[in-house]
There are 2 protein chains.
Amino acid sequence: MDGLNTSAKTIKYTNQRMEILKFLREFNGHPTVDDVYEGVKCKLSRISKATVYNNLRFLAEKELIKEVNTKGVSRFEANLVTHHHIICLECGDIKDYESEELTEYSLNVASKIDGFKIESTDTNFYGYCNKCRRKQNG
Amino acid sequence: MDGLNTSAKTIKYTNQRMEILKFLREFNGHPTVDDVYEGVKCKLSRISKATVYNNLRFLAEKELIKEVNTKGVSRFEANLVTHHHIICLECGDIKDYESEELTEYSLNVASKIDGFKIESTDTNFYGYCNKCRRKQNG
DNA sequence: ACCTTAAATAATAATAATTATTAATTAGAT
DNA sequence: ATCTAATTAATAATTATTATTATTTAAGGT
Ligand SMILES: [Mn+2]
Ligand SMILES: [Mn+2]
Ligand SMILES: [Zn+2]
Ligand SMILES: [Zn+2]
């Protein structure tokens with residue numbers, strides 16, 4: 001897999017870093033720090049949780065992953081394509097939702113905002129997933 | 001001011017609760033739990049921080065205030081009108097942005113999503129505020 | 001292949017944010 | 001005025017995150 005091909009000066013390709021990035025790319029979701037920590041443990045049993053924190057911050061800084069705004073704990077993802085999120089208010093499940101049109105529309109709105117130089121935008125949809133709806137009804 | 005006129009059964013109109021709600025309505029921003037705690041202390045010097053947490057959760061539950069999804073600490077607001085947020089990536093400042101059109105557009109997109117029953121939607125705009133841009137340049 | 005060195009790691013301590021516990025207080029009903 | 005479930009204050013406990021530091025290591029130069 002292609003690794004840390006950024007405009008780097010001194011970036012070390014450590015095992016820990018590569019496994020964390022690989023995990024995020026394969027996980028294909030929005031794992032918490034603990035999810036990542038547990039996920040890479042099978043490969044790197046002696047990894048420190050601080051290393052997970054450090055690398056997630058590092059990778060986000062280098063724009064190889066993104067941090068997702070959620071209430072409560074930090075979450076990360078490897079999906080760098082601009083996209084939106086569908087969030088279940090019951091179980092907290094977060095699904096990606098891609099819509100070029102919505103992105104275009106939002107960016108166009110953004111271009112009219114002054115006092116702020118807008119770099120990016122995303123939309124959250126809040127509701128209830130099928131699983132949680134089935135539970136609520138009967 | 002109108003208080004807790006919700007479909008309530010047993011809701012107590014305590015001083016603490018009312019001051020917290022009043023603070024949020026007058027603050028007109030997105031204060032953290034600590035902001036609220038510090039803000040109501042002048043009126044209620046003996047208030048416990050746990051009471052602030054409890055009431056913020058309570059008021060959000062009753063839909064008298066809203067919790068805002070931000071990275072890091074929890075934030076709350078009394079602005080119940082559907083609206084969007086402009087967030088400075090440098091200083092973290094959060095500004096409200098109302099746009100009926102964007103809300104309408106997003107809800108229309110939402111109506112086409114299946115597997116989820118969407119209840120609400122909001123859009124975040126990320127960028128840099130004038131103040132932070134001035135600092136960065138010269 | 002060996003040296004050098006800045007960067008990264010593991011282990012752990014420290015701090016910050018949030019939740020749980022519990023005895024005392026109180027709003028609102030009777 | 002009395003009653004009672006809800007709320008509160010104080011504080012302990014738990015989680016999440018950041019800081020510290022001695023040790024290890026990736027990568028570049030010889
Ligand atoms: Mn995503
Ligand atoms: Mn707002
Ligand atoms: Zn769900
Ligand atoms: Zn700013």
Side-chain angles (χ1 to χ4, degrees), chain A residues 1-24 30-62 64-76 92, chain B residues 1-23 30-62 64-65 67-76 92:
Chain A
M1 78 164 170
D2 67 315
L4 311 175
N5 297 323
T6 173
S7 59
K9 314 147 211 213
T10 30
I11 291 180
K12 286 192 185 179
Y13 291 57
T14 65
N15 267 9
Q16 292 88 336
R17 187 160 289 169
M18 299 312 277
E19 286 298 334
I20 288 167
L21 184 55
K22 186 148 75 81
F23 175 82
L24 271 163
H30 308 83
T32 64
V33 175
D34 265 340
D35 291 337
V36 177
Y37 178 58
E38 294 301 328
V40 297
K41 258 200 203 156
C42 50
K43 284 299 190 76
L44 302 158
S45 59
R46 304 196 55 71
I47 195 169
S48 164
K49 193 178 280 188
T51 299
V52 178
Y53 271 99
N54 284 340
N55 275 306
L56 289 172
R57 263 190 296 165
F58 176 90
L59 294 168
E61 173 70 25
K62 301 297 177 194
L64 291 161
I65 64 174
K66 280 200 299 189
E67 183 164 2
V68 184
N69 264 19
T70 49
K71 94 181 63 167
V73 293
S74 294
R75 290 174 179 278
F76 296 85
Chain B
M1 75 165 173
D2 67 317
L4 310 176
N5 298 322
T6 172
S7 59
K9 312 147 209 217
T10 30
I11 292 180
K12 286 192 185 181
Y13 291 58
T14 66
N15 265 9
Q16 291 88 334
R17 187 160 290 169
M18 299 312 278
E19 285 298 334
I20 288 167
L21 185 55
K22 186 148 75 80
F23 176 81
H30 308 83
T32 65
V33 175
D34 265 341
D35 292 337
V36 177
Y37 178 58
E38 293 301 327
V40 298
K41 258 199 203 157
C42 51
K43 285 299 191 77
L44 302 158
S45 60
R46 302 196 57 68
I47 194 168
S48 165
K49 193 179 279 187
T51 299
V52 177
Y53 271 100
N54 284 340
N55 275 305
L56 289 171
R57 264 190 297 165
F58 176 90
L59 293 168
E61 172 70 26
K62 299 298 176 194
L64 291 161
I65 64 175
E67 185 165 3
V68 184
N69 264 18
T70 48
K71 97 181 61 168
V73 293
S74 294
R75 290 176 178 275
F76 296 85

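Taking 4.0 angstrom as the limit, A/Arg17 places a side-chain polar atom (N or O) nearer than this to OP1 or OP2 of C/dA8. Applying the 4.0 Å criterion to OP1 and OP2 of D/dT25, one finds that A/Gln16 has every side-chain N and O outside that range.
For A/Tyr37 and D/dT18, the OH to P distance is 17 Å, given to the nearest whole Å. Going from atom CD1 of B/Ile20 over to atom P of D/dT7 covers 12 Å, rounded to whole Å. Here the P atom of nucleotide C/dT9 and the OH atom of A/Tyr13 are 14 Å apart, to the nearest Å. A straight line from CG of B/Leu56 to C1' of D/dT7 spans 15 Å, rounded to a whole angstrom. Taking atom CD of B/Glu19 as the reference point, atom P of D/dT7 lies 17 Å away to the nearest angstrom. Atom C1' of nucleotide C/dA7 and atom CD1 of A/Ile11 are separated by 11 Å, given to the nearest angstrom. In this entry the distance linking CD1 of B/Ile47 with P of C/dT25 reads 17 Å, nearest Å.
Nearest nucleotide to the A/Lys12 side chain, out of C/dT9, D/dA9, C/dA7: C/dA7. Side-chain proximity of A/Ser48 to the nucleotides D/dA9, C/dA7, C/dA10 is greatest for C/dA10. Each of C/dT9, D/dT8, D/dT25 was ranked by its minimum atom distance to the side chain of B/Thr51; first place goes to D/dT8.
Shown for residues 38-45 of chain B: no residue has heavy atoms falling under 4.0 angstrom of DNA chain D.
If you take CG on A/Asn15 and CZ on A/Arg17, they are separated by 11.5 Å, rounding to the nearest 0.5 Å. Between atom NZ of residue A/Lys66 and atom NE2 of residue A/His30 there is a gap of 8.5 Å, rounded to the nearest 0.5 Å. With rounding to the nearest 0.5 angstrom, the CZ atom of B/Phe76 is 9.0 Å from the CZ atom of B/Arg57. Taking CG from A/Leu21 and OH from A/Tyr13, the interatomic distance works out to 10.5 Å, rounded to the nearest 0.5 Å. Here the straight-line distance linking atom CZ of A/Phe23 with atom CD1 of A/Ile65 works out to 11.5 Å at 0.5 Å rounding.
Scanning both residues, A/Tyr37 and A/Ile47, for their nearest heavy atoms gives CE1-O, 3.5 Å.
Inspection of the B/Asn54 and B/Thr51 side chains reveals no N or O donor paired with an N or O acceptor under 3.5 Å.
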Fill in: Candidate pair A/Leu24 and A/Leu56, rule side chain to side chain contact (heavy atoms under 4.5 Å, CB included), full reasoning
CA-CA 10 Å; A/Leu24 271 163; A/Leu56 289 172; 3.6 Å; yes
Item to complete: Can you check each nucleotide of nucleotides 14-21 of chain C against protein heavy atoms at under 4.0 Å and return B for base, S for sugar-phosphate only, - for none, in 5' to 3' order?
Response: ---SBBB-
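Between the side chain of A/Arg75 and the backbone N or O of A/Pro31 there is no donor-acceptor pair closer than 3.5 Å.
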